[in-house]
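A, B, ... follow the sequence lines: proteins, then strands. Residue 1 opens every chain. Heavy atoms only: backbone and side chains are in, while hydrogens, waters and symmetry mates are out.
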Amino acid sequence: MSTLEIKDLHVSIETEQGSKEILKGVSLTINSGEIHAIMGPNGSGKSTLAATIAGHPRYEVTSGSITLDGEDVLEMEVDERAQAGLFLAMQYPVEVPGVTMTNFLRTAKTALDGEAPKIRTWTKEVKDAMEKLRIDADFANRNVNEGFSGGEKKRVEILQLELFKPKFAVLDETDSGLDIDALRVVSEGVNRAHQENNMGTLLITHYTRILNYIKPDYVHVFVDGKVAEQGGPELADELEANGYDRFLAQVSA
Amino acid sequence: MTEIQKAEEALKNTEDPGTIAEILEANPELKDLGTGYEYGWSDPDTAGATAKRGLDEAVVEDISSKKSEPEWMLKLRKKGLKYFERKPLPTWGADLSEIDFDNIKYFVRSTEKQAQTWEDLPEDIRNTYEKLGIPEAERERLVAGVAAQYESEVVYHQIREDLEAQGVIFMDTDTALKEHPEFFEEYFGSVIPVGDNKFAALNTAVWSGGSFVYVPKGVHVEIPLQAYFRINTENMGQFERTLIIADEDSYVHYIEGCTAPIYNTDSLHSAVVEIVVKKNARVRYTTIQNWSNNVYNLVTKRAVVDAGGTMEWIDGNIGSKVTMKYPAVYLTGEHAKGETLSVAFAGEGQHQDTGSKMVHMAPNTSSSIVSKSVARSGGRASYRGLVQVNPEAKNSANSVVCDALLVDTISKTDTYPYIDIREDDVTLGHEATVSKVSEDQLFYLMARGLAEDEAMAMIVRGFIEPIARELPMEYALELNRLIELQMEGSVG
Ligand SMILES: Nc1ncnc2c1ncn2[C@@H]1O[C@H](COP(=O)(O)OP(=O)(O)O)[C@@H](O)[C@H]1O
Ligand SMILES: [Mg+2]
């Protein structure tokens with residue numbers, strides 16, 4: 001049982017007009033096996049939170065803390081966070097020309113585990129995971145994310161999630177741009193990782209649609225760099241019915 | 001103190017004190033040479049230490065007489081010397097002003113005779129090649145023939161019997177001049193004339209070693225011929241001369257690799273490579289240049305290609321302080337093809353000024369240049385190319401693609417694409433890109449557990465993959481390994 005704890009997190013970015021605060025005191029605690037949905041309008045700071053957890057150098061933490069089982073995550077390099085068991089499924093996965101998926105997956109797995117996976121079982125594991133996510137076998141020989149459609153990129157993020165078996169995953173709008181079939185396939189992948197590895201999940205979205213497939217234990221409404229309200233799955237239903245207006249009104253009031 | 005005592009004394013300060021003592025024991029003749037070991041102890045340097053510095057007519061005569069050459073070659077050498085002295089240093093490329101021509105040793109004979117087996121080589125030289133994996137490649141038959149040049153001369157050379165039986169000739173250029181003078185009278189200096197440029201002239205004056213290859217009509221040499229060049233002496237000048245003749249309908253792939261130890265002062269490598277590709281023949285010439293960062297690498301390489309023939313240059317420049325090298329193809333027959341794939345790495349203190357030259361001299365000829373360069377830690381990578389289409393070279397086509405990757409913000413890349421088109425009926429394409437390793441790319445890979453330098457190396461490997469793919473497996477792996485070494489410690 002592991003715990004990822006975010007306490008009163010303040011994050012700024014450098015803009016042309018100087019430093020701008022994006023996260024204004026975020027607190028969240030996620031335990032193994034829990035699914036937390038973060039819902040909020042565009043520009044509310046969801047991706048900022050996700051990227052800060054993973055350690056993107058563009059985001060500066062001005063105060064607050066992130067710990068994984070008491071270890072200071074903010075002290076870790078990006079790769080160390082990944083090795084510690086944190087995974088970020090990115091909203092905009094990056095292309096790496098000239099590097100095949102096969103090579104990338106094996107290199108990453110080796111880096112994460114500190115030893116190379118056994119060739120035979122690994123090859124089979126990759127193949128099976130690709131099949132379940134309905135990723136064509138050809139993708140193994142294609143370059144990482146190069147020329148992939150938006151939906152294909154998202155499936156490949158979830159493929160990594162299943163293969164790398166992190167303790168905690170942050171899914172940044174993995175549902176955006178997916179058609180209904182892809183949404184189901186991807187959601188099943190997340191649910192498998194959740195069940196098989198007792199993974200804790202931070203599911204970032206601004207549609208409730210994905211919550212038909214992935215059932216959250218907690219829902220946090222995220223507005224203007226803060227958690228405006230938290231509750232159970234019923235909070236998502238309310239958002240579905242009434243939108244973010246109530247919360248936005250609170251902020252501007 | 002005798003020289004040997006000095007040697008033993010110096011040995012105490014080295015990491016691997018066994019080696020030289022063992023070498024001296026195994027090669028008692030070395031003790032009799034009684035020469036000064038005035039440099040570092042990475043490798044014994046008996047031959048190099050006694051070699052004369054500086055260049056004049058006496059040096060040229062001495063080289064020629066040591067090789068018992070025909071009179072015409074001596075004359076040509078002297079002509080080369082004149083051109084070399086007369087021509088100014090090129091100022092349009094890399095900075096060459098620091099080369100001290102008077103300090104260079106123009107000829108170093110490392111061993112008295114060529115060895116027939118690896119075991120016959122002096123132990124230190126053999127160890128060098130063993131470390132470089134060359135004998136192993138031969139044993140495993142990854143190559144069809146091997147030539148190993150240490151300092152000025154080829155010290156080992158072997159070709160597979162079946163190829164010899166088919167009439168393939170592969171030997172060092174000095175021996176070939178003696179055994180096959182007819183080729184030399186016809187072709188030597190025909191592709192690259194003695195006064196072509198200052199460094200070709202220098203090479204003509206003091207050339208020594210290099211490979212001679214002749215592939216008879218219709219013969220396909222299926223696995224590569226390999227040559228290995230090693231400079232050991234500090235301030236050494238290596239001036240090998242290679243001549244390859246591929247007769248009609250033949251095929252050969254020739255691969256060369258180059259290394260040198262690191263010294264405090266500079267060495268010079270100035271080779272000339274002439275290639276004659278006859279009708280419908282195909283030659284592929286691959287270079288993995290990994291000289292240490294105190295070698296000036298100023299090389300002239302050119303091929304003439306007859307009708308229907310193909311010349312492919314695959315040119316990897318990783319090492320050296322300064323490289324100026326633009327492999328050229330003169331397309332003299334209809335439907336001749338030229339191709340250059342070039343990859344350059346410029347790290348700290350390095351300037352790689354590389355590219356290619358394609359000259360279309362007949363109708364329906366085609367050529368392509370793909371150049372990829374990576375600059376890091378303040379290095380500079382320049383692409384310099386010329387595409388020339390002569391009148392009458394109708395329906396010719398050329399494409400140039402040059403991509404540069406900058407690993408950091410202190411490194412530099414530039415391109416100098418020249419074109420000289422004197423015929424209307426041509427198709428040309430030119431693309432150039434400069435990309436930076438993006439923060440987001442690094443973040444993505446690091447978020448998948450890769451350390452920063454591993455992530456960087458993966459991006460760089462991916463960038464040059466289109467060229468690595470063209471290399472035989474072992475060389476692709478070697479190239480990858482070299483990139484990893486280059487990338488280690490390249491990041492903060
Ligand atoms: N480089 C940047 N320069 C200026 N503002 C930025 C930059 N990156 C993000 N922002 C701002 O930060 C806020 C939060 O962005 P983000 O975390 O992407 O929100 P979300 O993921 O919830 O849509 C937005 O107002 C956005 O415009
Ligand atoms: Mg976002």
Q | From CZ (Arg58(A)) to CZ (Phe443(B)), nearest 0.5 Å | A | 9.5 Å

Q.
Between Glu439(B) and His56(A), is the side chain to side chain contact (heavy atoms under 4.5 Å, CB included) condition met? List the steps.
A. CA-CA 9 Å; Glu439(B) 193 176 58; His56(A) 195 296; 3.5 Å; yes

**Q.** Residue, of Met458(B), Arg461(B), Arg469(B), that accumulates the most heavy atom pairs under 4.5 Å with chain A
**A.** Met458(B)

Q: Check each atom of Tyr92(A) against the heavy atoms of chain B and say whether the ones under 4.5 Å are side chain, backbone, both or neither.
A: neither

Q) Under the criterion side chain to side chain contact (heavy atoms under 4.5 Å, CB included), which of Asp79(A), Leu112(A), Thr107(A) is the partner of Leu450(B)? A) Thr107(A)

Q) For the atom pair CZ (Arg448(B)) and CD (Glu157(A)), what is the distance rounded to the nearest 0.5 Å? A) 4.5 Å

Q | Nearest heavy atoms of Ala447(B) and Ala82(A), plus distance in Å | A | O-CB, 3.3 Å

Q: Could you look at Asn143(A) and say if it's the side chain, the backbone, both or neither that has a heavy atom under 4.5 Å from chain B?
A: neither

Q: Quick one: which of Ala84(A), Ala51(A), Ala108(A) has the most heavy-atom pairs under 4.5 Å with chain B, could you say?
A: Ala108(A)

Q: Please name the pair of heavy atoms, one in Ala111(A) and one in Gly449(B), separated by the smallest distance, quoted to 0.1 Å.
A: CB-O, 3.2 Å

**Q.** chain B contact via Pro166(A) - side chain, backbone, both or neither, heavy atoms under 4.5 Å
**A.** neither

Q) How about Glu21(A): does its CD atom have over 12 heavy atoms from other parts shown lying under 6.0 Å from it? A) yes

Q | Lys321(B) atom NZ: more than 12 heavy-atom contacts under 6.0 Å | A | yes

Q. Does atom CG of Leu386(B) have more than 12 heavy-atom neighbours from other groups under 6.0 Å away?
A. yes

Q: May I ask you to decide if Glu95(A)'s main-chain N or O and Gln441(B)'s side chain share a donor-acceptor pair within less than 3.5 Å?
A: yes

Q: Please identify each residue that fulfils side chain to side chain donor-acceptor pair (under 3.5 Å) with Thr123(A), with sequence neighbours left out.
A: none

Q. Which region of Phe463(B), side chain (C-beta onward) or backbone (N, CA, C, O), has a non-hydrogen atom less than 4.5 Å from a non-hydrogen atom of chain A, or is it both or neither?
A. backbone

Q | Which of Gln83(A), Glu80(A), Glu77(A) touches chain B most, by non-hydrogen pairs under 4.5 Å | A | Gln83(A)

